[in-house]
Amino acid sequence: MSGRLRREKMLNLHRSEHLCAALRRAREQAKLSRAELAARSGVNASTIQKIEDGRSANPGVFTVAALAVALDLDISDVVRRRTGRLRTARLSSVEPKSDPDAR
């Protein structure tokens, strides 16, 4: 495995651990059991346990969003914990492709 891939893997692991801890902390602060959070979010309690325990290395965005909404968390903050800061391109720097058939 190259050094770059190893660093990316370690960064993803770190972000996953940060997300797991944040979700567990939010659930505990809300004084909800996993079963109660499951009922509110529609996410299976065993899935919540796997995420909190770090056994779900890459939970889906819809799962994370459902948990964030049920815990009344800012979804963008929760996603940022998983993905890191996203680089945005300026719209003016993105040129639309020209269509030779357009009139």
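Excluded from the calculations below are hydrogen atoms, water molecules and symmetry mates; all remaining heavy atoms, backbone and side chain alike, are included. Start at 1 with the first residue, then count along the sequence.
Residues passing the salt bridge (Lys or Arg N to Asp or Glu O under 4.0 Å) test with Asp72: none are found, sequence neighbours excluded.
Atoms CZ and CG, from Arg27 and Leu67 in turn, are 10.5 Å apart once rounded to the nearest 0.5 Å. Here the straight-line distance linking atom CG of Leu71 with atom CG of Leu37 works out to 5.0 Å at 0.5 Å rounding. One finds the CG atom of Leu73 at 10.0 Å from the CZ atom of Arg25 (value rounded to the nearest 0.5 Å). Going from atom SG of Cys20 over to atom CZ of Arg55 covers 10.5 Å, rounded to the nearest 0.5 Å.
Under 4.0 Å is where a charged nitrogen must lie from a carboxylate oxygen, and between Arg34 and Glu52 at least one such pair does.
Proximity of Arg24 to Asp53: side-chain heavy atoms (C-beta onward) are separated by under 4.5 Å at one or more points.
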Checklist entry - Going through the distances and angles, do Ile51 and Val64 end up as a side-chain contact (heavy atoms from CB on, under 4.5 Å)? => result CA-CA 9 Å; Ile51 292 169; Val64 172; 5.6 Å; no
Can you give me every donor-acceptor pair (side chain of residues 42-49, partner residue at least two apart or in another chain, under 3.5 Å) with its distance?
unit_1, atom_1, unit_2, atom_2, d
Asn44, OD1, Ser46, N, 2.8
Asn44, OD1, Ser46, OG, 2.8

